Amino acid sequence: MEKDKFKEQFSGSLSFAFQKVYPEKYAELGRQQVFSADFIYENLEKPRDPAHGRFAFPVFRYGKLLGDKPTDVALKVAREAAAHARSSGPHPDVLTDCIAAGGFINARTNFEMEAGETLDAVLTGRSTYGSSQEGKGRTVLVEYSSPNIAKPFGVGHLRTTILGNSLRRIFRKLGYESVGINYLGDWGTQFGKMIVAWQKWGRGKSGAGETVSDLVELYVKYHQEAEEDPSLDERARQAFKGLEDADPEITDLWETFRDISLAEFKRVYDFMGVEFDWITGEAFLNDKMEAVIERLEKAGLTSLSEGALIVDLKDPQLPPCLLRKADGATLYATRDITGLLYRWDRYHFHEALYVVASAQSDHFKQVFKVVQLLEESEQVPAEERVAERARHIDFGWVKFGEKTMSTRRGNVVLLDDVINQAVELARDKIREKNPDLKSIDETARIIGVGAVLFSQLSVRRQKDVNFVWDEVLNFEGETGPYLQYTHARLCSLLRNYPEKVTPKVEVSKLDREEERRVIELLADFPEAVRDGARNYEPNHIATHLLRLAGAFNKVYQRKDEQGRIDKIISQDGALSAARMALVRSVQIVIGEGLDLLGLKAPQEM
RNA sequence: GCCCCCGUAGCUCAGUAGGAUAGAGCAUCGGUUUCCUAAACCGCAGGUCGCAGGUUCGACUCCUGCCGGGGGUACCA
């Protein structure tokens with residue numbers, strides 16, 4: 001990572017000042033690097049309140065060390081640092097201020113320089129602004145969505161789908177090879193039930209024209225009937241056995257279910273703009289588990305308990321991990337262990353992320369622990385260990401009023417319905433606000449989907465969210481459509497501006513509170529992207545975009561003393577050029593940011 | 001019982017590798033359109049950051065205990 005020249009200069013000057021003001025202490029502590037430029041660089045902060053400047057270095061903790069009151073340390077050091085910053089260091093012209101404020105030393109950057117460089121970086125970088133090379137040569141796997149075959153795609157799947165889709169994009173932006181994996185729930189005893197239901201009440205054997213809702217209907221009917229007639233469950237067990245034994249007729253049915261579901265999932269993903277690099281499923285691992293079980297046995301990790309094959313995790317917090325039920329059938333942990341090892345062989349990934357609800361956190365702890373024990377036992381070299389590269393990216397529930405959603409009872413909120421409603425509402429709004437818009441259908445889709453996606457991204461992963469129609473369908477305030485609207489308005493300005501936008505503008509024209517704030521937020525965008533990746537939390541980017549959009553809208557609607565709008569495009573050519581460089585930059589960053597979240601940015605709406 | 005997550009304004013949430021007077025949106029009330037898209041902007045109001053201790057120069061943030069909500073706790077996924 002290239003050093004920020006403003007921070008570099010500030011930390012260099014501070015280091016120099018500490019040495020000058022406290023020569024003995026500096027010499028004494030120098031060995032521990034406490035006041036080295038590098039140390040200070042790493043410990044600089046950004047004041048939350050922009051009025052305090054761009055960077056800050058708190059000195060409280062050094063008062064005791066230096067035998068001086070923190071406020072005095074700040075005063076003395078700031079004075080020397082200011083003098084040094086003006087005349088020496090690698091970039092003697094980048095700081096304008098170096099002031100003590102209580103126990104902080106605050107630095108203000110040379111605005112014109114920072115503004116000029118930021119605009120230049122955005123305008124020349126465009127879609128690459130905020131990207132980096134940190135992930136070069138590394139692969140990150142992101143497993144997300146992972147719906148169950150033959151079940152409806154409900155809002156319960158919203159978060160994993162949207163979070164994972166965004167994380168895949170964020171890692172890609174940072175130079176990683178990122179592989180989106182859709183690990184379908186295409187195996188398990190519920191297929192026995194489906195098969196029985198299909199054979200008993202299904203319409204035809206071809207599957208032509210059948211939809212997922214037909215399958216769900218059968219599934220619901222099965223559960224109703226099974227209450228009366230317990231023998232159905234036995235037949236279902238038999239049917240699943242047939243599937244496991246690769247009975248051709250039953251396998252054929254299973255493939256039919258899979259095809260029906262996949263076609264429908266694909267339609268939803270395409271509509272939402274969700275992408276995958278590898279669509280796989282549990283069944284894919286069927287023939288791979290045996291070897292893994294043998295490997296675990298060979299490593300001496302397995303034992304029999306109550307007829308089941310288990311791995312004792314030697315951890316009082318975790319129950320043993322079941323590999324095989326007493327009847328010999330494998331379990332999902334077996335499949336996940338196998339899948340993780342398989343993915344390592346195939347990708348040699350830097351990290352493997354599992355975007356799965358927090359209810360499964362014990363499950364992933366178990367899976368990762370088994371792999372860790374295996375690797376320890378086999379003395380796998382540290383750089384080839386998989387366990388520590390695997391991460392469960394957990395998230396809270398999507399709750400729906402008082403009701404818990406249950407496929408069996410058939411009461412789920414379908415993602416389809418949510419999106420359709422959102423798109424319809426968007427269409428109504430367009431007709432009301434911009435009836436002349438040419439691409440109403442496409443724009444309504446972008447906005448409706450945007451509202452739904454953003455509703456999941458504007459909240460921290462781990463919090464439970466309530467699914468409230470009014471909130472998901474809200475297009476005002478901190479929402480996706482708000483960002484999209486701001487983007488559209490920026491595009492409108494660009495259309496209305498006859499000149500070419502270039503970074504070579506008089507940045508001093510942007511030296512007002514509101515513009516400065518916009519520029520700082522533009523400059524901080526790359527950091528927001530990195531934060532998002534580091535915490536596996538797209539929400540950081542969403543929040544940053546809301547701030548940026550808000551800051552820009554303030555500029556856009558600012559009024560002068562007479563109450564007249566201070567227009568972006570005016571008679572003053574130089575001023576307009578400078579403002580339009582800002583406009584174009586904000587448009588690029590909001591557009592890029594929305595792309596990282598998986599939202600489209602409309603030109604008009 | 002044990003383990004994990006959450007608890008911030010009336011509501012929904014930011015702020016979490018400790019840092020300066022705790023920020024938004026929604027809702028309420030008031031204002032802004034002869035002016036680049038009012039899906040916007042401005043203003044008023046709204047707080048014992050669940051409670052109690054502890055660590056620290058400094059705690060919404062870290063530690064401990066408690067309260068409240070959610071989840072998990074071997075043959076479902």
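Please read all numbers here as calculations on a predicted model, not as lab measurements.
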Exercise. Answer with base, sugar-phosphate or nothing: what part of the nucleic acid does Ser305(A) contact at a heavy-atom distance below 4.0 Å?
Key: base
side-chain contact (heavy atoms from CB on, under 4.5 Å) filter on Asp436(A), not counting sequence neighbours, yields none
If we count only N and O atoms by modelled type, under 3.5 Å, do the side chains of His544(A) and Asp524(A) hold a donor and an acceptor together?
no
Practice prompt. Indicate yes or no: does Arg579(A) engage Asp566(A) in a salt bridge with an N to O separation below 4.0 Å.
Written response: yes
### Task
Go through the side-chain N and O atoms of Arg235(A) and Gln238(A) and say whether any donor and acceptor fall under 3.5 Å apart.
no
**Asked** Using atom C1' of each nucleotide, how far apart are rC49(B) and rG18(B) to the nearest Å?
**Response** 15 Å
Q: Indicate whether the side chain of Arg461(A) and that of Asn535(A) have a donor and an acceptor atom separated by less than 3.5 Å.
A: no
Keeping the roles fixed (side chain from Gln484(A), backbone from Ile446(A)), state whether a donor-acceptor pair exists under 3.5 Å. yes
Looking only at rA77(B), rU37(B), rA39(B), the nucleotide nearest the Arg335(A) side chain is rA77(B)
So, with a heavy-atom separation below 4.0 Å from RNA chain B, the residues of residues 576-586 of chain A are none
Discussion item. Taking the C1' atom in each of rG68(B) and rU8(B), what is the distance between them to the nearest angstrom?
Written reply: 15 Å
Sorted by chain and residue number, the salt bridge (Lys or Arg N to Asp or Glu O under 4.0 Å) partners of Arg258(A) (sequence neighbours excluded) come out as Asp186(A)
Ile565(A) atom CD1 is separated from rU33(B) atom P, nearest whole Å, by 9 Å
Only residue of Glu514(A), Glu520(A), Glu513(A) satisfying salt bridge (charged side-chain N to carboxylate O under 4.0 Å, His left out) with Arg517(A) is Glu520(A)
Rounded to whole Å, CG of Leu313(A) lies from P of rA74(B) at a distance of 13 Å
Check your understanding: Under 4.0 angstrom, heavy atoms only, what part of the nucleic acid is Glu306(A) near: base, sugar-phosphate, or nothing?
Key -> base
TODO: Using a 4.0 Å heavy-atom cut-off across all strands, classify Tyr556(A) as base, sugar-phosphate, or nothing.
DONE: base
**Prompt:** At under 4.0 Å between heavy atoms, what does Leu437(A) touch on the DNA or RNA strands: base, sugar-phosphate, or nothing?
**Reply:** nothing
Q) Side-chain donor or acceptor of Tyr332(A) under 3.5 Å from a matching atom on the base of rA77(B)? A) yes
To the nearest angstrom, the CD-C1' distance between Gln190(A) and rC76(B) comes to 8 Å
So, OP1 or OP2 of rC57(B): does either fall under 4.0 Å of a side-chain N or O from Lys64(A)? yes
ring-ring contact (aromatic ring centres under 6.0 Å, His included) pairs touching residues 562-584 of chain A, sequence neighbours excluded, are none
The salt bridge (Lys or Arg N to Asp or Glu O under 4.0 Å) partners of Glu351(A) (sequence neighbours excluded) come to Arg391(A)
Name the nucleic acid region contacted by Glu604(A), choosing base, sugar-phosphate or nothing; use a 4.0 angstrom heavy-atom cut-off, strictly under.
-> base
Q) Looking across every strand, which nucleic acid part, if any, lies under 4.0 Å from Ile447(A) by heavy atom: base, sugar-phosphate, or nothing? A) base
Table of protein N/O atoms under 3.5 Å from nucleotides 41-46 of chain B N/O atoms:
from    : atom 1 : to        : atom 2 : distance (Å)
rC41(B) : OP1    : Tyr482(A) : OH     : 2.8
rC41(B) : O4'    : Gln557(A) : NE2    : 2.6
rC42(B) : OP1    : Lys554(A) : NZ     : 3.3

Residues at least two apart in sequence or cross-chain that pass salt bridge (Lys or Arg N to Asp or Glu O under 4.0 Å) with Lys76(A), listed by chain then number, are Asp68(A)
Gln462(A) atom CD is separated from rC4(B) atom C1', nearest whole Å, by 10 Å
In B/S/- notation (B base, S sugar-phosphate only, - none; protein heavy atoms under 4.0 Å), nucleotides 11-21 of chain B written 5' to 3' is -SSSSBB-BBB
Worksheet entry | Rounded distance in Å between the P positions of rA24(B) and rU34(B) | 28 Å
Touch check for Ala359(A), heavy atoms < 4.0 angstrom, all strands: base, sugar-phosphate only, or nothing?
sugar-phosphate
Leu318(A) CG to rU73(B) C1', in whole Å, measures 10 Å
By side-chain contact (heavy atoms from CB on, under 4.5 Å), Trp187(A) pairs with (sequence neighbours left out) Phe240(A), Leu243(A), Glu244(A), Trp254(A), Glu282(A), Ala283(A), Asn286(A), Arg335(A)
Taken to the nearest whole Å, CG/Asp315(A) to C1'/rC2(B) is 12 Å
Please classify the nucleic acid contact of Asp566(A) as base, sugar-phosphate, or nothing, using heavy-atom distances under 4.0 Å. base
Rounded to whole Å, CG of Leu493(A) lies from P of rA40(B) at a distance of 16 Å
Residue pairs passing the side chain to side chain donor-acceptor pair (under 3.5 Å) test with at least one member in residues 445-460 of chain A, sequence neighbours excluded, are Glu442(A)-Arg445(A)
| query | When we call it a touch if two heavy atoms are under 4.0 Å apart, what does Leu331(A) touch: a base, just sugar-phosphate, or nothing? | reply | sugar-phosphate
If one requires at least 3 consecutive Watson-Crick or G-U pairs with distances under 3.5 Å, the stems of RNA chain B turn out to be B:1-7 with B:67-73, B:10-13 with B:23-26, B:29-32 with B:40-43, B:50-54 with B:62-66
In whole angstroms, the gap separating P of rU37(B) from NZ of Lys567(A) amounts to 9 Å
Sorted by chain and residue number, the salt bridge (Lys or Arg N to Asp or Glu O under 4.0 Å) partners of Arg48(A) (sequence neighbours excluded) come out as none
field: Short side-chain donor-acceptor distance under 3.5 Å, Asn553(A) and Tyr485(A)
entry: no
Open item on the list: Using atom P in both nucleotides, what's the gap between rG23(B) and rG46(B) to the nearest angstrom?
Closed with: 14 Å
Next item on the list: Tell me yes or no: between the side chains of His392(A) and Gln360(A), is some donor less than 3.5 Å from an acceptor?
Entry: no
In whole Å, what separates the P atom of rG70(B) from that of rA27(B)? 29 Å
